[in-house]
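Here the structure is a predicted model, which means the values were calculated and not measured. Every chain is numbered from 1, with letters handed out A, B, ... down the list of sequences.
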Amino acid sequence: MNPGHCTRENEVMDLLRSGRWPAACEPELREHVAACSLCAQTVLLKSSFADALVQAKDAARLQSPGLLWWRAQLRRRHAAVQRVNRPIAGAQRFALLINLLAAVALLASQWRHVDRLTAWLSDVAEAPVFHPATLWAMVSQQPGWSLMLLIPFAVALVVLGGITVYLASER
Amino acid sequence: MIWDYSIARVETGAAAQDSAQPMDNEAFAAFYERSARSLWAYLARVCGNPALADDLMQEAYLHFLGAARVPDGEVACRRYLFRIATNLMRDHWRRPRTSSIDELPETLFAVSDGSSASDAHAMLGPAMAQMRPRDRQILWLAYAEDYSHREIAEITGLNSASIRLLLFRARRKVARLLRSAKGGRA
C-alpha cells in the first residue's frame with residue numbers, strides 16, 4: 001500500500017463533494033475513516049475548505065460585468081491602435097534620422113563657408129530695417145501702419161497658441 | 001474613418017489568425033456570474049487581502065477578455081481564468097518591493113475578511129496564514145475548487161508529479177495546524 005495514499009480516499013472525497021458525508025454514508029466507511037489517518041485528514045481538510053469557500057463566496061465584492069467588458073474593449077482597441085501606429089512611428093524615426101544625417105552632411109560640406117556666413121548674418125542684423133527704433137519711427141509717422149502690424153501679430157499669436165495647446169493635449 | 005477601418009482590420013485579423021471566439025457582452029456577463037465568486041474566494045484566501053483580491057480579479061478578467069485565444073468550454077475557460085489569476089498573484093509578489101514569494105512574512109497573508117462564523121472557518125484562516133503562498137494556492141485549488149493534480153499543474157505551471165508531492169506535504173502540515181487549533185479550543 002502506498003503510504004501517502006489510501007484506496008478509499010476517492011470514495012470519501014466523492015461523498016464529501018456530493019454532501020452525503022457523514023449522514024448518507026455506509027457505517028463501514030465511517031469506521032474506516034475513524035481508523036485511517038489519511039481519510040480522516042481528507043475529511044478534515046475538505047470540510048474546512050468547503051466551509052471557507054461558502055463564506056468567502058458570500059463575502060465576494062463583485063463589479064459590474066458590463067463595465068469590465070467595456071474596459072476590456074477599450075484596452076483591446078488601444079492595443080490595436082498601438083499596433084497600427086508602430087510602423088508609422090518607425091517610419092517617422094527613420095525620416096528623422098535621415099534628416100539629421102542630411103543636415104550633418106550639409107554642415108560638413110559647407111563648413112569652409114562658415115566665416116562668410118557669420119559675416120553676412122552680422123551685416124543683416126545691423127541693417128536699419130531690423131532696428132526697433134527705426135521700425136517705430138516708421139509706424140508712428142503713418143497711423144494706418146500700427147493696425148496693419150498689430151492685427152497680423154495678434155492673429156499669428158492666436159494661431160500659434162492654438163497649435164501649441166492642441167499639440168500639448170494630443171501628447 | 002480610414003483609421004477606424006484599419007483598427008477594425010487589425011482587431012479582426014488578429015482574431016482570425018488565432019481562431020479566437022471573442023465573448024460578447026451577454027456571454028461574458030453569464031460567465032462572470034458563474035465564476036467571479038469562486039475566483040474572488042481563491043484570490044482573497046491565497047492573498048489574505050480582500051482589497052488586493054478585488055484588484056487582481058478585475059485584472060484577471062481584463063486579461064481574459066483581452067486574450068487572443070480563449071479555450072472552448074466553460075470548464076476550460078474557468079481553468080484558464082484561474083491560471084491568469086495565479087500568474088497575476090505571482091507577478092504581484094515578484095514586484096521589487098518584495099523580492100520573493102517565499103520571503104514574505106506570513107502575517108501579510110493573515111486572512112482579515114471579518115467573518116468568523118464557523119469553527120472550521122475560524123481555524124482555517126490562521127492555519128492558512130502559516131502556510132507558504134504556493135501551498136495555499138495548491139490546497140485551495142485541490143480542496144475548495146476540487147481540481148485534479150493535472151488541472152492544478154496546468155493552473156500553477158508546475159508539473160503534475162511536483163503537485164502530488166507538494167500537496168501531500170501541505171495537507172499534512174495544514175491538518176496538523178487545524179488539529180492543534182482544535183485541541184487548543186477544546
What about [X] and [Y], same hydrophobic cluster or not, with Ile/Leu/Val/Met/Phe/Trp/Tyr joined at side-chain heavy-atom distances under 4.5 Å?
{"X": "Phe82(B)", "Y": "Ile138(B)", "result": "yes"}
{"X": "Leu44(A)", "Y": "Trp21(A)", "result": "no"}
{"X": "Tyr143(B)", "Y": "Val33(A)", "result": "no"}
{"X": "Val54(A)", "Y": "Leu16(A)", "result": "no"}
{"X": "Leu29(A)", "Y": "Leu45(A)", "result": "no"}

Could you look at Arg61(A) and say if it's the side chain, the backbone, both or neither that has a heavy atom under 4.5 Å from chain B?
->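 For Arg61(A), backbone and side chain are both near chain B.
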For Thr42(A), is it the side chain, the backbone, both or neither that has a heavy atom under 4.5 Å from a heavy atom of chain B?
-> both
Heavy-atom pairs under 4.5 Å with chain A, option from [options] with the top count:
{"options": "Ala36(B), Ala142(B), Ser38(B), Ala144(B)", "result": "Ala144(B)"}
{"options": "Leu43(B), Leu39(B), Leu139(B)", "result": "Leu139(B)"}
{"options": "Ala175(B), Ala53(B), Gly66(B)", "result": "Ala175(B)"}
{"options": "Arg176(B), Glu33(B), Glu59(B)", "result": "Glu59(B)"}

Can you tell me how far the [atom1] atom of [X] sits from the [atom2] atom of [Y], to the nearest 0.5 Å?
{"X": "Arg37(B)", "Y": "Leu62(A)", "atom1": "CZ", "atom2": "CG", "answer": "4.5 Å"}
{"X": "Arg172(B)", "Y": "Leu38(A)", "atom1": "CZ", "atom2": "CG", "answer": "10.0 Å"}
{"X": "Leu124(B)", "Y": "Asp51(A)", "atom1": "CG", "atom2": "CG", "answer": "9.0 Å"}
{"X": "Arg76(A)", "Y": "Leu65(B)", "atom1": "CZ", "atom2": "CG", "answer": "8.0 Å"}

Got a sec: does the CZ of Arg169(B) have more than 12 other heavy atoms crowding it under 6.0 Å?
->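 Atom CZ in Arg169(B) is not packed in, count stays at 12 or less.
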Kindly check if the number of other-residue, nucleotide or ligand heavy atoms within 6.0 Å of CZ (Arg71(A)) is above 12?
-> no
For chain A, which residues of residues 25-32 of chain B have at least one non-hydrogen atom nearer than 4.5 Å to it?
-> Asn25(B), Phe28(B), Ala29(B), Tyr32(B)
So, do Leu53(A) and Tyr42(B) sit near enough that their side-chain heavy atoms are less than 4.5 Å apart?
->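 No, side chains not in contact.
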Against chain A, label Ala127(B) side chain, backbone, both or neither, depending on which of its atoms sit under 4.5 Å from a heavy atom there.
-> neither
Qualifying salt bridge (charged side-chain N to carboxylate O under 4.0 Å, His left out) pairs with a residue from residues 140-159 of chain B, counting only residues at least two apart or across chains = Arg17(A)-Asp146(B), Lys46(A)-Asp146(B), Arg78(B)-Glu145(B), Arg79(B)-Glu151(B), Arg79(B)-Glu154(B), Arg150(B)-Glu154(B)
Start with the C-alpha gap between Gln55(A) and Arg45(B), add the side-chain angles, then the distance that decides, and say whether side chain to side chain contact (heavy atoms under 4.5 Å, CB included) holds.
-> CA-CA 11 Å; Gln55(A) 287 175 19; Arg45(B) 275 292 162 190; 5.8 Å; no
